[in-house]
Amino acid sequence: MSIYDTMSRSVKEVTENEGLVTMYCCGPTVYRDAHVGNLRTFLLADLIARTIVLTGLEVELIQNITDVGHMADDFQEDGAEGDKMLAESKRTNTDPFEIARRYEDRFHQDLARLNVIPADFYPKASENMPEMIAAIEELIANKSAYVGSDGSVYFDAASCASYGAISGNKLDSLKPGHRYEYTDEGGKKFHADWALWKVAGSRTQMIWDSPWGPGFPGWHIECSVMSINLLQAHVNLHVGGIDLRFPHHENERAQSNALTAQETVDTWVHGEHLLFEGRKMSKSAGNVVLLQDVIDRGLDPLSLRFSLLENRYRSQMDLSWASLEAAHTTLRRWRTAMAQWGSADDLKFDQEIIDALTNDLDTPRAMQRLRAIEKDSSLGALDKRAIFLFADQVLGLDLARAEIQKPLPPEIESLLTLRAEARANKDWSASDSLRVQLEDAGLEIKDGPTGQSWSWR
RNA sequence: GGUCGGGUGGCCGAGAGGCGAGGCAAGGGACUGCAAAUCCCUCUACACGGGUUCAAAUCCCGUCCCGACCUCCA
């Protein structure tokens with residue numbers, strides 16, 4: 001499989017080692033629900049991993065859970081405290097670790113509903129404190145980091161000769177003042193340096209002992225440490241959202257390379273942002289959509305997966321309720337068709353689908369191919385089904401799933417009986433009003449030559 | 001200000017030198033007691049101005065517009 005590498009700015013063949021591809025995907029900071037934009041990135045890792053597996057390689061995927069929080073946020077209104085987890089903790093008067101656990105559970109639930117195959121391991125920042133401290137000590141020992149005048153530990157950006165290779169940001173051009181007022185802590189020697197360990201200061205929660213006194217780790221170090229420790233110091237594929245390109249991945253790369261004395265990551269993959277109805281999703285814009293919102297609209301959560309598949313991961317995508325509803329409709333149509341095409345579990349290899357997916361994950365082309373197959377009158381039903389099942393190994397749309405048959409409540413059943421009687425008596429007005437009632441209850445009514453039939457909407 | 005993407009029918013979106021995918025919506029028809037679903041058919045587009053070329057949505061230059069990133073962010 002080939003995929004676009006942000007650092008070399010080109011589509012590259014995915015590297016492997018004896019048939020194994022190691023992957024790392026930056027996971028959620030668990031202080032709130034993941035919105036559908038976050039899920040787009042997590043889905044990206046899933047699609048890449050599934051495609052690689054389809055080509056006969058193995059994948060080991062690690063996705064971290066950030067439960068320590070990091071600086072600055074959108075809770076600024078409640079004062080100087082800048083940690084997201086702590087701000088949420090204060091706001092809801094809840095233990096910060098309890099918040100983290102709650103949102104971590106919901107994160108896993110969302111992934112399951114989106115048919116994302118779980119990563120091999122979900123390490124937590126809070127459970128890797130000794131490893132992070134050890135890494136920071138190592139960075140100080142090899143002169144990549146120093147203890148600042150405020151007692152915090154900083155990474156020396158200039159010690160990384162190729163700093164800026166991912167984002168294109170030069171150290172000079174990172175001078176403060178372009179966009180933000182520069183009000184940062186004064187402990188570092190150089191404007192582009194960043195904190196590896198922050199001293200606790202007045203903070204009393206979520207702090208750990210360290211050789212530099214009580215404090216907490218900087219945001220970037222956790223990904224370096226976990227990827228190096230869990231993936232044998234070499235990452236074939238590193239996945240994350242486009243906004244992580246800088247500073248997070250730039251800094252992570254500098255740290256990791258200083259720790260392993262080599263280029264730790266072969267390929268940096270970045271997923272573009274998902275907009276909703278024309279605008280970036282954000283709390284302030286008030287257009288944050290959760291997977292639960294999709295479900296609450298009566299849409300299959302996999303409609304979201306379907307919609308996302310219809311766009312290239314490297315393009316900004318504008319999601320809307322109209323597109324989700326269209327996806328829901330097509331998804332149902334495909335499942336119905338699948339059932340009509342038979343019940344065999346056979347898979348039929350399809351070169352066009354493989355080519356599309358392995359060519360920089362061209363999911364729109366794969367989807368288009370399925371639409372063409374659906375309409376192709378020269379293909380038999382069994383072949384169609386087998387090709388759809390083949391594609392679904394990566395697409396993950398549960399195409400073989402029968403439409404849900406939740407039990408019919410007795411009152412609905414009696415309405416159906418009444419309507420059947422009304423129709424037999426050609427009492428059309430009664431029949432029509434009963435149909436409206438049944439539709440309001442969530443059913444879909446069809447009248448055919450053999451009488452009425454129904455299904456859940 | 002720096003860097004990077006992009007502007008395709010009513011809407012969403014592929015395509016990247018020579019047939020302008022597909023979906024949604026709309027309109028017409030079949031079917032139906034009427035609908036729904038389904039099936040068939042139909043319409044409409046490559047931001048603007050130059051250039052290169054036998055040929056440009058596609059390449060080049062300019063203009064306008066939109067978005068992203070630039071030490072919070074998927």
Side-chain angles (χ1 to χ4, degrees), chain A residues 6 9 25-29 32 34-45 69-76 82-84 157 164 167-170 172-180 182 184 191-195 218-220 239-248 250-251 270-275 278-283 306-307 310-320 322-327 329-330 332-333 336-337 356 362-365 367-372 374-375 423 426-429 431-432 435-436 439 443-449 452-455 457:
Chain A
T6 306
R9 284 147 212 256
C25 179
C26 288
T29 304
R32 59 158 167 74
H35 56 61
V36 292
N38 301 62
L39 295 177
R40 187 186 191 195
T41 302
F42 306 150
L43 175 65
L44 172 61
H70 41 260
M71 300 306 290
D73 60 12
D74 32 11
F75 296 108
Q76 278 317 357
D83 185 283
K84 289 177 172 174
S167 64
N169 283 328
K170 303 280 189 301
D172 296 347
S173 66
L174 289 173
K175 289 234 165 66
H178 282 310
R179 211 172 89 149
Y180 292 107
Y182 201 64
D184 209 350
H191 63 84
D193 296 347
W194 64 90
W219 171 35
H220 314 298
V239 180
I242 188 73
D243 49 339
L244 261 39
R245 187 178 40 180
F246 186 87
H248 182 57
E250 201 69 75
N251 294 358
H270 289 107
E272 253 296 354
H273 274 299
L274 178 67
L275 312 181
R279 300 176 61 184
K280 181 171 168 176
M281 252 178 267
S282 69
K283 262 174 102 151
F306 192 109
S307 294
E310 290 201 288
N311 291 70
R312 202 76 183 265
Y313 75 95
R314 260 193 306 137
S315 306
Q316 267 178 33
M317 168 183 179
D318 188 13
L319 191 70
S320 64
S323 57
L324 284 168
E325 277 155 19
T329 304
T330 308
R332 288 193 61 202
R333 191 181 77 225
T336 305
D362 194 346
T363 54
R365 184 180 285 265
M367 296 293 275
Q368 191 181 332
R369 170 73 180 149
L370 287 188
R371 290 184 198 272
E374 182 190 8
K375 287 190 173 162
R423 295 195 72 236
K426 297 195 191 296
D427 184 352
W428 306 126
S429 64
S431 158
D432 288 350
R435 180 169 64 211
V436 170
E439 283 171 350
L443 291 201
E444 193 168 83
I445 304 298
K446 300 175 189 182
D447 293 327
Q452 69 181 1
S453 64
W454 62 271
S455 61
R457 191 157 43 84

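The sequence lines fix the lettering, A, B, ..., with proteins before strands; numbering per chain opens at 1. The figures here come from the full heavy-atom set of this structure, side chains too, leaving out hydrogens, waters and symmetry mates.
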Query raised in the report: What is the nucleic acid contact for A:R371, judged by heavy atoms within less than 4.0 Å: base, sugar-phosphate only, or nothing?
Result: sugar-phosphate
Requested in this report: May I have the distance from A:E250 (atom CD) to B:rC72 (atom P), rounded to whole angstrom?
Outcome: 15 Å
Query raised in the report: For A:H273 and B:rC69, is the shortest distance between a side-chain N/O and OP1 or OP2 below 4.0 Å?
Result: yes
Query raised in the report: Between B:rA74, B:rC69, B:rG15, which nucleotide gets closest to the side-chain atoms of A:L244?
Result: B:rA74
Query raised in the report: Can you give one letter per nucleotide of nucleotides 33-43 of chain B, 5' to 3': B if a protein heavy atom sits under 4.0 Å from the base, S if only from the sugar-phosphate, - if neither?
Result: BBBBS------
Requested in this report: Would you name the heavy atoms of A:T41 and A:C25 that are closest together and state the gap between them?
Outcome: O-SG, 4.5 Å
Query raised in the report: From A:L44 CG over to A:R314 CZ, what is the distance, rounded to the nearest 0.5 angstrom?
Result: 11.0 Å
Query raised in the report: Is the shortest side-chain N/O distance from A:K375 to OP1 or OP2 of B:rG23 below 4.0 Å?
Result: yes
Report summary line: Secondary structure of RNA chain B per the Watson-Crick/G-U criterion (both distances under 3.5 Å; [ ] crossing, | other strand, . unpaired) is (((((((..(((.....[...))).(((((.......)))))....(((((..]....))))))))))))....
Report task. Taking atom types as modelled, find out whether A:E250 and A:S167 have a side-chain donor-acceptor pair closer than 3.5 angstrom. Result -> yes
Query raised in the report: According to a strict under-4.0 Å criterion, is A:R312 in side-chain N/O contact with OP1 or OP2 of B:rG6?
Result: no
Report task. Answer with base, sugar-phosphate or nothing: what part of the nucleic acid does A:G37 contact at a heavy-atom distance below 4.0 Å? Result -> base
Requested in this report: Nearest whole angstrom, please: distance from the P of B:rG6 to the CG of A:N311.
Outcome: 14 Å
Query raised in the report: Mind checking whether A:E310 and A:T363 have side chains closer than 4.5 Å, heavy atoms only?
Result: no
Query raised in the report: With sugar-phosphate meaning primed atoms plus P, OP1 and OP2, does A:L39 contact a base, only sugar-phosphate, or nothing at under 4.0 Å between heavy atoms?
Result: nothing
**Report entry** Donor-acceptor pair under 3.5 Å, A:Q316 side chain vs B:rA68 base
**Finding:** no
